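Note that ligands are numbered from 1 as they come in the structure, with each ligand's atoms numbered from 1 the same way. Numbers for residues simply follow the sequence, beginning at 1. Note that this is a predicted model, so its numbers are computed, not measured.
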Amino acid sequence: MRVRWAAATHPGRRRTSNEDSFCARPDLGLFVVADGMGGHVAGEIASHLAVETIESVIVTGGCCPPDDRGCSLAERRLQDAFERAGQAIVDQTRRQPRLRGMATTASGLLVTADGSAVAHVGDSRVYLWRDRLLQQLTRDHSWVAEQVTLGLLTADEARQHPWRNVVTRALSASDPPQVELSPLRLQHGDRLLLSSDGLHGVIADDRIAVTIADVGDLEQACQQLIDDANGAGGPDNITTLILHIDAP
Ligand code: CA
C-alpha cells in the first residue's frame, strides 16, 4: 500500500500563535493532528508533546495492551500511544505547574498492511473520501456534538454556537484519556482528511468534499482548505492533512 500525503497548518486570521501540531510518518503509516488548549504557550506544548509521544511510541513499537475488546493490533498500538501521550501531559504538568490546565485533542491514523485504525480524543476529525462521498469517521467529543446527536442543534448551528469549543474529552492532567478506537480497511483510491476544528468548525462538510473531490495536487488541496477557512474569517488555528491511498 502506497500512501501519498500533504499537510498544511496556519494560525488563522485572528490568532498570533498556532497551538495545532501534526505529524506525518509514512514510513510508520502514522498520521496525527492535535489541537492544543490552555492558553498560548501551554496549548502549543500540549499538542507538540502529544504528537511527539505518539510518534515515539509507534517508532519503538510500544507494548500492546491485552486485547479484551476484540481490537485489532493497529487499534491497540494507537491506544497505547495515545494513553502514553496522556501520561506525558500529566508528567509535564507536574514538573511545570504553570502549565496546569493544558490539554490537547488528538486524532490519529495508523495505516499498516495488516489493517488500519483510527484513534481520537476530542474534536479533531478524520474523514474518509470514498465512492465520491465524504464520511466523518470520528465522532466529536464535544458539547455541541452531543446536542446535534440529541437533535437539539443542527450541524450549522453547532458551528456558530458560543460553546462550540467545549470538548468533553481531551488528553489532559485532569482526566485519564478516554481514547475512542475504530478499525479501518482501506481501499485503492481512498482519500483521508485529518483536520483541526479551525477547518471543519468553519467550513461545512459539503464544501470540504468539493475540494477533496477535485484534488489533483494534494498540497494545493491542503492550501485551498486553509484559504477557505481564512476566507470565512479564520477564527482559529487551521490544520489539514490529506492522504491518498494507492493499493496494489
Ligand atoms: Ca482549535
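- Heavy-atom contacts from other residues, nucleotides or ligands closer than 6.0 Å to NE2 of H161 number more than 12.
- Comment: R84 engages D80 in a salt bridge, judged by a side-chain N to carboxylate O separation of less than 4.0 angstrom.
- The atom of D35 nearest to the Ca ion (ligand 1) is OD2, with the search restricted to N, O or S atoms.
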Mind running side-chain contact (heavy atoms from CB on, under 4.5 Å) on I242 and W5 for me, showing each step along the way? CA-CA 6 Å; I242 302 177; W5 67 276; over 6 Å; no
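- Taking 3.0 Å as the threshold, E19 does not count as a candidate ligand of the Ca ion (ligand 1), since none of its N, O or S atoms lies below it.
- Vertex the Ca ion (ligand 1); arms to D197 OD1 and D236 OD2; angle rounded to 10 degrees, 80°.
- Summarising the geometry of T112 relative to R77, their closest heavy-atom pair is CG2-NH1, 4.3 Å, with the distance given to 0.1 Å.
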